[in-house]
Peer 1: 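If you scroll down you'll find the structure; I have some questions about it.
The first residue in the sequence is number 1, and the count goes up from there. What you see is a predicted model, and the numbers here were worked out from it, not measured in a lab.
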Amino acid sequence: MADSSTDHASSPTSQTPNNEAATTLLDFEPAVEAFFADVVEGLSGERKSLPCKYFYDEHGSQLFDQICELEEYYPTRTELQIMRRHAGHIAQQIGEGAMLVEYGSGSSTKTRLLLDHLPAPAAYVPVDISREHLALTAEKLRRAYPGLEVLPVCADFTEPFDLPESSTPPTHNAVYFPGSTIGNFEPAAARRMLSQIVDLCGCGGGLLIGVDLRKDAATLEAAYDDRLGVTADFNLNLLARINRELDGGFDLDLFEHRARYDEQRGRVEMSLVSLADQTVAVRDQTFDFARGEAIHTEYSHKYTVEGFAGLAAGAGLNLHEHWTDDDGRFAVLHLVVDAPPKA
């Protein structure tokens with residue numbers, strides 16, 4: 001995940017021009033110092049926050065995979081239903097010869113449905129912030145699709161990053177952004193993110209994206225605060241990661257997971273709430289928490305199809321086609337770049 005403000009190494013683990021050796025991994029993982037700087041900035045603000053991109057270390061990625069299997073967490077299985085029903089048609093809309101670039105690839109379950117139908121892809125480029133999880137997933141996909149060049153990139157896809165070169169020149173770039181992760185961004189940031197995708201794809205490229213649709217508060221809050229406490233563990237793991245990697249002093253028993261739906265803003269707000277007045281050290285920095293004070297960790301915005309299409313149009317993406325489940329809870333949208341990317 002390339003961040004131009006920090007110094008990151010690009011270190012492929014091996015070379016795979018014919019896809020017969022171990023999978024190459026282009027590494028732009030954020031440096032530890034960038035993590036520390038983001039933590040200090042977030043916890044020094046009047047309203048404390050931590051970037052949700054740091055959820056996904058190896059353990060966090062494993063916990064999220066567990067979340068996706070929970071009864072309350074409908075987005076994953078609903079998006080899977082849409083992909084199982086329409087993957088053939090969706091793949092035809094993406095077209096032949098594409099370099100498929102997946103943002104936040106995770107375990108790539110939905111991706112396999114797409115790859116099974118995609119006509120003659122030039123390469124598959126999974127992009128994820130968790131290096132270990134990404135390398136494992138990429139190697140599994142390379143073995144499952146021996147004729148496909150798999151070129152993983154460990155990068156922060158919220159920032160511009162370089163694509164690897166494939167052995168077969170692609171006819172166009174197609175970004176796959178499943179899982180409704182776009183909902184983590186406030187609308188202005190989401191538009192900037194979509195503009196970066198336009199720049200990456202270029203004229204003739206496109207975006208296939210999962211978007212969670214608006215629904216009742218009870219369903220949404222249950223999805224982000226499950227009765228087994230897996231989402232709570234996922235949220236608290238962010239503090240545990242600070243302890244592990246940044247010499248933090250968080251007592252996880254003194255923070256509580258909370259998820260609330262703000263109907264006016266159309267978003268679930270996830271936070272960690274201090275259960276006592278306390279002071280926490282992270283390296284040489286200290287942060288004071290009052291009892292009941294929250295650390296904001298994630299937004300999850302919900303959209304209508306029309307509302308998201310309007311947002312994307314402002315970034316230079318035009319809605320080509322969309323698919324929803326029978327209950328209208330989730331949508332997969334295919335958007336295309338019809339004009340040259342912005343300078």
Side-chain angles (χ1 to χ4, degrees), residues 1-4 8 10 12 17 24-28 87 89-105 108 110-111 114-115 117-129 134 138 141 148-179 181-182 185 187-211 308-323 332-343:
M1 300 179 172
D3 182 345
S4 58
H8 301 141
S10 171
T24 300
L25 190 150
L26 191 61
D27 190 359
F28 299 114
H89 182 58
I90 291 171
Q92 291 301 318
Q93 300 309 301
I94 292 173
E96 186 174 351
M99 174 180 279
L100 184 68
V101 182
E102 183 176 3
Y103 282 16
S105 55
S108 297
K110 289 173 285 236
T111 315
L114 195 56
L115 290 174
H117 295 88
L118 201 61
Y124 169 60
V125 182
V127 183
D128 205 282
I129 197 168
L134 173 66
L141 282 170
L148 177 66
E149 189 170 20
V150 179
L151 302 170
V153 175
C154 182
D156 178 356
F157 58 72
T158 67
E159 300 288 344
F161 62 91
D162 294 326
L163 287 175
E165 290 188 10
S166 57
S167 300
T168 301
T171 58
H172 60 288
N173 294 333
V175 170
Y176 182 33
F177 197 7
T181 306
I182 192 66
F185 301 89
R191 189 178 293 109
R192 288 193 297 272
M193 177 80 179
L194 294 170
S195 294
Q196 291 174 15
I197 290 173
V198 168
D199 292 338
L200 186 75
C201 288
C203 189
L207 167 65
L208 183 70
I209 188 167
V211 176
F308 188 82
L311 179 73
L317 287 160
N318 296 316
L319 181 62
H320 179 243
E321 196 165 352
H322 75 277
W323 304 265
V332 175
L333 289 73
H334 183 223
L335 305 111
V336 296
V337 183
D338 285 340
K342 301 172 184 176

Peer 1: How long is the straight-line distance from CD of Glu159 back to CE of Met193, given to the nearest 0.5 Å?
Peer 2: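 Taking CE in Met193 and CD in Glu159, the distance rounds to 9.5 Å.
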Peer 1: Tell me, do Glu96 and Thr171 make a side-chain contact under 4.5 Å, heavy atoms counted?
Peer 2: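 Heavy-atom side-chain distance check fails, nothing below 4.5 Å.
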Peer 1: About how many Å separate CD1 of Ile182 and CG of Leu333, when rounded to the nearest 0.5 Å?
Peer 2: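 Leu333 atom CG to Ile182 atom CD1 measures 11.5 Å (nearest 0.5 Å).
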Peer 1: What is the minimum heavy-atom distance between Gly104 and Asp128, and which atoms define it?
Peer 2: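 So the minimum-distance heavy-atom pair works out to C-OD2, 3.4 Å.
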Peer 1: If I take atom CD from residue Glu165 and atom CD from residue Glu149, how far apart are they, to the nearest 0.5 angstrom?
Peer 2: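 Taking CD in Glu165 and CD in Glu149, the distance rounds to 10.5 Å.
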Peer 1: Check whether any side-chain heavy atom of Val332 lies under 4.5 Å from a side-chain heavy atom of Ile209, and answer yes or no.
Peer 2: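 SC-SC contact between Val332 and Ile209 ruled out.
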Peer 1: Report the residue from His89, His322, His320 that forms a ring-ring contact (aromatic ring centres under 6.0 Å, His included) with His334.
Peer 2: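 Among His89, His322, His320, the one that satisfies the ring-ring contact (aromatic ring centres under 6.0 Å, His included) with His334 is His320.
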Peer 1: What distance do Asp199 atom CG and Asn173 atom CG have between them, rounded to the nearest 0.5 Å?
Peer 2: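 CG of Asn173 is found 12.0 Å from CG of Asp199.
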Peer 1: Kindly say whether Thr111 contributes a backbone atom to a donor-acceptor pair with the side chain of Glu102 at under 3.5 angstrom?
Peer 2: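 No, because the side chain of Glu102 does not come within donor-acceptor range (under 3.5 Å) of the backbone of Thr111.
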Peer 1: Between Met99 and Pro164, what is the shortest heavy-atom contact and its length?
Peer 2: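 Heavy atoms only, the tightest pair is CE-O, 3.6 Å.
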Peer 1: Decide yes or no for Leu194 and Leu335: does some side-chain heavy atom of the first lie under 4.5 Å from some side-chain heavy atom of the second?
Peer 2: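 Heavy-atom side-chain distance check fails, nothing below 4.5 Å.
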Peer 1: Check His117 against Ala87 and note the closest heavy-atom contact, atom names and distance.
Peer 2: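 Closest approach of His117 to Ala87, heavy atoms only: ND1-CB, 3.7 Å.
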Peer 1: Please say whether more than 12 non-hydrogen atoms of neighbouring residues, nucleotides or ligands are located less than 6.0 Å from CD in Gln93.
Peer 2: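 Enclosed: over 12 neighbouring heavy atoms sit under 6.0 Å from CD of Gln93.
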Peer 1: Can you see which heavy atom on Pro126 is nearest to which on Val150, and at what distance?
Peer 2: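 In terms of heavy atoms, the two residues are closest at CD-CG1, 4.2 Å.
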Peer 1: Only one of Val127, Val101, Leu134 forms a side chain to side chain contact (heavy atoms under 4.5 Å, CB included) with Val153, so which one is it?
Peer 2: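 The single option meeting the side chain to side chain contact (heavy atoms under 4.5 Å, CB included) with Val153 is Val127.
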Peer 1: Go through the structure and list residues passing side-chain contact (heavy atoms from CB on, under 4.5 Å) with Gln92, not counting sequence neighbours.
Peer 2: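 Scan of Gln92 (side-chain contact (heavy atoms from CB on, under 4.5 Å), adjacent residues dropped) gives Pro119.
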Peer 1: Between Ala190 and Leu311, which heavy-atom pair has the shortest distance, and what is it?
Peer 2: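 The answer is CB-CD2, 3.9 Å.
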Peer 1: Within the 4.5 Å heavy-atom criterion, are Leu319 and Phe308 side-chain neighbours or not?
Peer 2: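 The answer is no, as the side chains (C-beta and beyond) never meet within the 4.5 Å cut-off.
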Peer 1: Ring-plane angle category for Tyr103 and Phe157, please: parallel below 30°, perpendicular beyond 60°, tilted otherwise.
Peer 2: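 Aromatic pair Tyr103/Phe157 classed parallel.
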Peer 1: Working to the nearest 0.5 Å, report the span between CD1 of Ile94 and CG of Leu100.
Peer 2: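 Nearest 0.5 Å value for the CD1-CG distance: 6.0 Å.
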Peer 1: In Å, rounded to the nearest 0.5 Å, how long is the span from CD1 of Ile90 to OH of Tyr176?
Peer 2: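 Answer for the CD1-OH pair, Ile90 versus Tyr176, is 7.5 Å.
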Peer 1: When you compare the side chain of Leu207 with that of Cys201, does any pair of heavy atoms fall below 4.5 Å?
Peer 2: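 No - every pair of side-chain heavy atoms lies 4.5 Å or more apart.
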